[in-house]
Amino acid sequence: MSTLKAVILSVSLSTAITLGASYFAYKKAIEVPVPIPIAIFDVGQYVKAVDLNDPNYQSQSKFYADMARNQVESLKKQGFIVLNSTEVVAAPDEYYATNNVSPNK
């Protein structure tokens, strides 16, 4: 085999191996799922915290609505997709955004 044929064969083989390895690496890279940050938010805990028998229940309602809105906004700023818990059928516990809300007394 002449030197020119050996060089051409070597370059062709090297190119084919590089292209094959690049395609394999690219294919693997696009197959890796990107985790989506999700937080499930329970609006009901804020609603339940309002004491309707209290004469100041309207101010309590505003207080808890603002608190809920602030928490949702904070989660959003952290990059979470925030879902309402009433719309979630099932999810692992770590997806639930918890905030112990107790009645303001």
Side-chain angles (χ1 to χ4, degrees):
M1 186 184 293
S2 72
T3 307
L4 180 61
K5 285 183 181 178
V7 169
I8 291 174
L9 180 63
S10 174
V11 168
S12 298
L13 187 58
S14 175
T15 302
I17 290 171
T18 302
L19 286 174
S22 297
Y23 175 76
F24 179 75
Y26 170 77
K27 186 78 171 151
K28 281 294 185 190
I30 62 172
E31 288 177 359
V32 175
V34 176
I36 299 172
I38 295 175
I40 301 170
F41 189 75
D42 184 10
V43 176
Q45 68 180 341
Y46 293 92
V47 173
K48 291 175 189 171
V50 177
D51 181 6
L52 296 176
N53 295 322
D54 188 329
N56 296 324
Y57 78 92
Q58 289 179 331
S59 63
Q60 281 184 17
S61 296
K62 182 178 178 346
F63 172 78
Y64 287 120
D66 290 343
M67 185 187 285
R69 192 175 304 110
N70 290 338
Q71 187 177 6
V72 168
E73 189 62 30
S74 173
L75 289 166
K76 183 180 105 176
K77 285 180 181 177
Q78 294 174 49
F80 286 90
I81 296 172
V82 183
L83 303 174
N84 187 341
S85 65
T86 60
E87 304 301 322
V88 176
V89 176
D93 290 340
E94 62 266 16
Y95 284 95
Y96 285 88
T98 57
N99 187 12
N100 295 329
V101 178
S102 58
N104 187 16
K105 298 203 179 202

With clusters defined by side-chain heavy atoms of hydrophobic residues (ILVMFWY) lying less than 4.5 Å apart, directly or transitively, does Val47 cluster with Ile40?
no
Supply the atom-to-atom distance Asp42 CG to Asn84 CG, rounded to the nearest 0.5 angstrom.
8.0 Å
Side-chain donor/acceptor of Ser74 to backbone N/O of Asn70, under 3.5 Å
no
Using side-chain heavy atoms (C-beta onward) and a distance below 4.5 Å, is Ile38 in contact with Leu83?
yes
If you take all heavy atoms of Pro37 and Gly79, which pair is closest and at what distance?
CG-O, 3.0 Å
Measuring from atom CD of Gln58 to atom CD of Gln60, what distance do you get when rounded to the nearest 0.5 angstrom?
11.0 Å
ILVMFWY network linking Phe41 to Phe80, side-chain heavy atoms under 4.5 angstrom
yes
Quick one: OH on Tyr57 to OH on Tyr64, what's the gap to the nearest 0.5 Å?
15.5 Å
Among the clusters formed by ILVMFWY side chains lying less than 4.5 Å apart, do Val72 and Tyr95 turn up in the same one?
no
To the nearest 0.5 Å, atom CG of Asp66 lies from atom NZ of Lys62 at 4.0 Å
Can you tell me how far apart OG (Ser61) and CG (Asp54) are? Round to the nearest 0.5 Å.
10.0 Å
Report yes or no: do Val88 and Leu75 belong to one cluster of Ile/Leu/Val/Met/Phe/Trp/Tyr joined by side chain heavy-atom distances under 4.5 Å?
no
